[in-house]
Engineer: 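For reference, the structure I am asking about is given below.
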Amino acid sequence: MEVFDAVRARRSVRGYSSTPVPTDKLDRILESGRLAPSAMNLQPWHFIIVQDAGKREEMSKARYAKFLKESPVVIVGCGDKKSSPKWFVIDTTIALQNMVLTATSEGLGTCWIGSFDENMIRKLLKIPEHLAIVALLAVGYPRKKLDLAAMVVKSGSRRPVEEIVSVEEYGAKDER
Ligand SMILES: Cc1cc2nc3c(=O)[nH]c(=O)nc-3n(C[C@H](O)[C@H](O)[C@H](O)COP(=O)(O)O)c2cc1C
């Protein structure tokens, strides 16, 4: 799948089948995070793969994360506050989005999760203090079959390009 096709096809998936994520696909997803750019190439990240049902159940107690009970894999994206205090959030986010696009191209669904109890997850997964939890990613096969055509983001669900892009100076429009 072309990168742009994956960008267009990706949607947040909030219902998952119990089919496990094949190891080779999970490896490719993680590799695409590992290869992400980072400020000064510090790579201030650590990713915890959670498949244990009990741990996923605990994380699913957050308000907008109920489907973590279902998604066979949860990737907990941690950023190293100590090694890169200014960029750890951005760098970790870039790596996670690489993973999202790779998962999409592998036919998998994902959802970013910002709804989590950092202290609870820190204890649950024994995450050291120098790592902040940036976001979680649910990964798995969508319960409903992926219909890539239907999944293409409808233009109405995003702000129009004229509103978010200026040319040469703020507020100036593209006259092409
Ligand atoms: C940083 C971030 C945090 C998010 N947190 C949650 C969340 O906790 N629960 C959830 O269901 N969706 C979450 N989302 C998904 C957004 O709601 C979703 O991306 C947005 O509504 C656009 O829909 P789409 O992803 O299907 O295009 C999050 C997305 C991002 C980027």
Side-chain angles (χ1 to χ4, degrees), residues 1-18 21 29-30 32-33 36-39 44-51 53 55-81 84 86-125 127 131-165:
M1 188 187 266
E2 293 284 331
V3 174
F4 188 60
D5 291 336
V7 170
R8 292 180 77 215
R10 183 217 56 82
R11 300 305 308 274
S12 292
V13 171
R14 298 185 176 89
Y16 291 89
S17 88
S18 56
V21 175
I29 291 168
L30 295 171
S32 67
S38 60
W45 47 54
H46 192 93
F47 305 100
I48 304 179
I49 312 308
V50 180
Q51 304 189 54
K55 288 179 177 148
R56 288 190 289 107
E57 167 100 41
E58 278 306 303
M59 293 191 281
S60 76
K61 289 179 182 160
R63 185 155 185 192
Y64 300 108
K66 304 298 173 210
F67 46 89
L68 292 185
K69 258 196 295 247
E70 286 180 6
S71 66
V73 174
V74 180
I75 299 176
V76 178
C78 304
D80 191 330
K81 300 184 271 194
S84 187
K86 185 167 176 192
W87 300 108
F88 73 91
V89 174
I90 286 179
D91 291 344
T92 306
T93 303
I94 293 169
L96 288 171
Q97 183 64 4
N98 269 12
M99 295 188 199
V100 163
L101 293 178
T102 298
T104 307
S105 75
E106 296 284 347
L108 289 156
T110 59
C111 190
W112 279 87
I113 310 284
S115 175
F116 58 85
D117 176 340
E118 177 151 13
N119 289 331
M120 186 279 285
I121 295 183
R122 184 178 297 288
K123 280 198 198 102
L124 185 73
L125 307 181
I127 299 173
L131 296 178
I133 303 173
V134 174
L136 319 183
L137 281 186
V139 183
Y141 288 100
R143 209 182 312 133
K144 287 188 218 134
K145 202 171 158 7
L146 271 187
D147 177 351
L148 293 184
M151 282 169 68
V152 167
V153 177
K154 291 187 193 76
S155 56
S157 71
R158 289 294 189 267
R159 295 166 64 194
V161 67
E162 306 77 50
E163 197 178 303
I164 61 167
V165 177

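Just so you know, ligand 1 is whichever comes first in the structure, and atom 1 is the first atom listed for that ligand. We use all heavy atoms of the structure for the numbers below, so side chains are in, but hydrogens, waters and symmetry mates are not.
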Engineer: Does K69 reach the main-chain N or O of R56 with its side chain, forming a donor-acceptor pair under 3.5 Å?
Structural biologist: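 Answer holds: no.
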Engineer: Can you tell me if R63 contacts ligand 1 (heavy atom of the residue under 4.0 Å from the ligand)?
Structural biologist: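 Contact check R63 vs ligand 1: negative.
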Engineer: Can you tell me which portion of R158 lies within the under-4.0 Å heavy-atom range of ligand 1? Options are side chain, backbone, both, or neither.
Structural biologist: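 Looking at R158 and ligand 1, just side chain atoms fall under 4.0 Å.
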Engineer: Look at the side chain of D80 and the backbone N and O of H46, then say whether any donor-acceptor pair between them is shorter than 3.5 Å.
Structural biologist: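 No.
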Engineer: Could you list which atoms of ligand 1 come closer than 4.0 Å to a heavy atom of S115?
Structural biologist: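 Within the 4.0 Å cut-off of S115, ligand 1 contributes 8 (O).
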Engineer: Closer than 4.0 Å to some heavy atom of R10 - which atoms of ligand 1 meet that?
Structural biologist: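 This gives 24 (P), 25 (O), 27 (O) as the contact atoms.
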Engineer: Under 3.5 Å, side chain of S115 to main-chain N/O of Y64, donor-acceptor pair present?
Structural biologist: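 Between the backbone of Y64 and the side chain of S115 there is a qualifying donor-acceptor contact (under 3.5 Å).
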Engineer: With a 4.5 Å heavy-atom cut-off, do L108 and I29 have their side chains touching?
Structural biologist: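 They are in side-chain contact.
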Engineer: Heavy-atom distance to atom 10 (C) of ligand 1: which of K66, Q97, R14 wins?
Structural biologist: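 Residue with the shortest heavy-atom distance to the ligand atom: R14.
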Engineer: Can you check whether T102's main-chain N or O pairs, donor with acceptor, with S105's side chain at less than 3.5 Å?
Structural biologist: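 Yes, because the side chain of S105 sits within donor-acceptor range (under 3.5 Å) of the backbone of T102.
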Engineer: Within the structure provided, determine whether M59 and V76 are in side-chain contact (heavy-atom separation under 4.5 Å).
Structural biologist: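 Of all side-chain heavy-atom pairs linking V76 with M59, at least one is under 4.5 Å.
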Engineer: Which atoms of ligand 1 sit under 4.0 Å from any heavy atom of Y64?
Structural biologist: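 Result: 7 (C), 8 (O), 9 (N), 10 (C), 11 (O).
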Engineer: Any side-chain heavy atom of F47 within less than 4.5 Å of one from T92?
Structural biologist: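 Yes, at least one pair of side-chain atoms sits under 4.5 Å.
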Engineer: Is ligand 1 less than 4.0 angstrom away from at least one heavy atom of F67?
Structural biologist: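 F67: in contact with ligand 1 (<4.0 Å).
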Engineer: Heavy-atom contacts with S12 under 4.0 Å: which atoms of ligand 1 show up? List them by number with element.
Structural biologist: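 Here the atoms of ligand 1 in question are 15 (C), 18 (C), 19 (O), 24 (P), 25 (O), 26 (O).
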Engineer: Which bit of C111 gets closer than 4.0 Å to ligand 1, counting heavy atoms only: side chain, backbone, both or neither?
Structural biologist: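 Side chain only.
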Engineer: For ligand 1, which atoms sit closer than 4.0 Å to a heavy atom of I113?
Structural biologist: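 Ligand 1 atoms under the 4.0 Å threshold to I113: 5 (N), 6 (C), 7 (C), 8 (O).
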